[in-house]
Amino acid sequence: MRLSRYFLPVLKETPADAQIVSHRYMLRAGMIKQSSAGIYSWLPLGFKVLRKLENIVHEEQVRAGHIPMLMPTLQSADLWRESGRYDDYGEEMLRISDRHGRDMLYGPTNEEMVTDIFRSNVSSYKDLPLTLYHIQWKFRDEIRPRFGVMRGREFLMKDGYNFDLTREDALHAYNRHLVSYLRTYERMGLQAIPMRADGGPIGGDYTHEFLVLAETGESEVFYDSAVTDLKFGDRDIDFDNKEQCESILEEFTTKYARTDETHDEALFNEIPEDRRRVARGIEVGQIFYFGTKYSEAMGAMVQGPDGKKVPVEMGSHGIGVSRLLGAIIEASHDENGIIWPEGVTPFHVGIINLRQGDDGTDAACESLYAELTAAGLEPLYDDRNERAGGKFASMDLIGLPWRITVGPRGLKNGVVELTSRRTGESEEMSPEAAVARVKEIYANH
Ligand code: ATP
Ligand code: MG
């Protein structure tokens, strides 16, 4: 993309009402625009990152054997009356009535709807196990929407639902989700720690939240610092292997890590003192096993091998896709702007032309642009007629992890400069070497 043809409305001023750094940078970098409280338009740069996150979530869900689908945002109140949650959910649910006076709602989550789909179509254990998921906009009429996309009213969530015959199989589905989530967050360059949590309105007492540590996080968390040494890394996973998934769950959830809702001071004090941590975190996902809570209420039954009909065992599993943008920025930025991890960056590399209009410099930039594009990468070429200082400031703000700077002085010696946004270190090399290096960096992303 050439910046002169893109839509990147960068703001020079720091927006007054944005309290946390991710919100400020998302506004300043022209990623989002608020349309009303907690509701945002996703401008091209923000939308690009959102799509990247969605793709990672999709890939990892499919890898785990889960099946994508799409359910609507608007739901009929009747389904929620069946589960009893129409009255229980409270003011966070946006209730709407259509022209016929029928009660509708903008879905805050989809347990009822997916249970209805299941009961209409599945009646035998032979069709199990089954996990369906979608990535869809949700609406929760939060009392205090704030921090930009972190606590929006309209937000994008991946929610998945497992259906199993037995509790044992459903717990395997739970473990499988935990493993796939660990992989998902690591691919996004994030450490998200699974912590024992509370079921809330979804219900169930077997649940973990995934938290990204950050001072601006809304949850208070208590953990053994040894959990931060755990890395998922590049493991070969067989998602059908119950023992393997269970042992990973044990590895990642045995050490003390809890949110304030389930915190137990006595257990916490058993951790050696120098490893006890009280901190804040951003909830980027949650998994629940709730057994037959919805299937019993809504009559989602399956016939087992013995011919008996039993309510299907279920769980639900959510990732806050739009909130993740904020969480990633909170975890990865400096005083000049965002620093995108390679796995989620909107463009792979920036090209800065220091002397726009100089034939040699323009030609060198064009050829870098063409070669990077031919290599399957997306460069963002700042070809505007602007001073170098302004170009550097915008590039730092939008946070591409790599930048190639091209100027007449370097070109005289046959070199351009490759700079890491994270370390600030620059290296001079030939344009060919710069292309090769950038290709190598992204080979695994
Ligand atoms: P919270 O405690 O932050 O209100 P929740 O526990 O009610 O969230 P879940 O029902 O677990 O949310 O939803 C799954 C994920 O969706 C959460 O882990 C979070 O990442 C994301 N999410 C929930 N509410 C919001 C919101 N208002 N804005 C953005 N993302 C949200
Ligand atoms: Mg939650």
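Read the numbers this way: they start at 1 and go in the same order the structure lists the ligands and their atoms. Since the structure is predicted, the reported quantities are computational estimates derived from the model, not experimental observations.
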- Would you check if the side chain of R140 reaches a backbone N or O of P108 as a donor-acceptor pair within less than 3.5 Å?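 Indeed, once roles are kept as given, a pair shorter than 3.5 Å links the two residues.
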- Return yes if some donor-acceptor pair links the side-chain N/O of K158 with the main-chain N/O of V321 below 3.5 Å, else return no.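 No, because the side chain of K158 does not come within donor-acceptor range (under 3.5 Å) of the backbone of V321.
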Give the atom numbers and elements of ligand 1 that come within less than 4.0 Å of a heavy atom of [X].
X    : value
M157 : 13 (O), 14 (C), 16 (O)
E142 : 24 (N), 26 (C), 27 (N)
V284 : 18 (O), 20 (O)

Quick one: does [X]'s side chain get under 4.5 Å of [Y]'s, heavy atoms only?
X    : Y    : value
M113 : Y161 : no
T207 : I287 : no
I117 : M69  : yes
L132 : F163 : yes
H23  : L27  : yes

If we only count N/O pairs under 3.5 Å, is [X] in contact with ligand 1?
X    : result
G152 : yes
E209 : no
R153 : no
F155 : no

- Message: Taking the ring of H348 and the ring of H445, is the distance between their centroids below 6.0 Å?
- Response: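 No, they do not, as the ring centres are separated by 6.0 Å or more.
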- Task: Taking atom types as modelled, find out whether T254 and E250 have a side-chain donor-acceptor pair closer than 3.5 angstrom.
- Result: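 No, because no side-chain N or O of T254 sits under 3.5 Å from a partner of the opposite role on E250.
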Determine, using heavy atoms of [X] and all atoms of ligand 1, whether some pair is separated by less than 4.0 Å.
X    : answer
V149 : yes
G285 : yes
T109 : no
M150 : yes

- Message: Please verify the inter-ring angle class for F252 with F232; under 30° counts as parallel, over 60° as perpendicular, anything in between as tilted.
- Response: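 Geometry flag for F232 against F252: tilted rings.
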- Message: Would you call the rings of W80 and Y89 parallel, tilted or perpendicular, taking 30° and 60° as the class edges?
- Response: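 If you compare the ring of W80 with that of Y89, the planes turn out perpendicular.
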- Task: Go around the Mg ion (ligand 2) and count every protein N, O or S atom nearer than 2.8 Å.
- Result: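 Step by step: take the Mg ion (ligand 2), keep protein N, O, S below 2.8 Å, and you get 2.
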- Query: Hey, looking at atom 9 (P) of ligand 1, which of R144, R140, K158 has the closest heavy atom?
  - Reply: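 Comparing heavy atoms across R144, R140, K158, the nearest one to atom 9 (P) of ligand 1 lies in R140.
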- Ignoring hydrogens, just give me the one of K138, R323, E283 whose non-hydrogen atom is nearest atom 2 (O) of ligand 1.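 Selected option, by shortest heavy-atom distance: E283.
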- Message: List the residues meeting ring pair (Phe, Tyr, Trp, His ring centres under 6.0 Å) with Y133, not counting sequence neighbours, and say none if there are none.
- Response: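 Partners of Y133 by the ring pair (Phe, Tyr, Trp, His ring centres under 6.0 Å) criterion, ordered by chain and then number, come out as H58.
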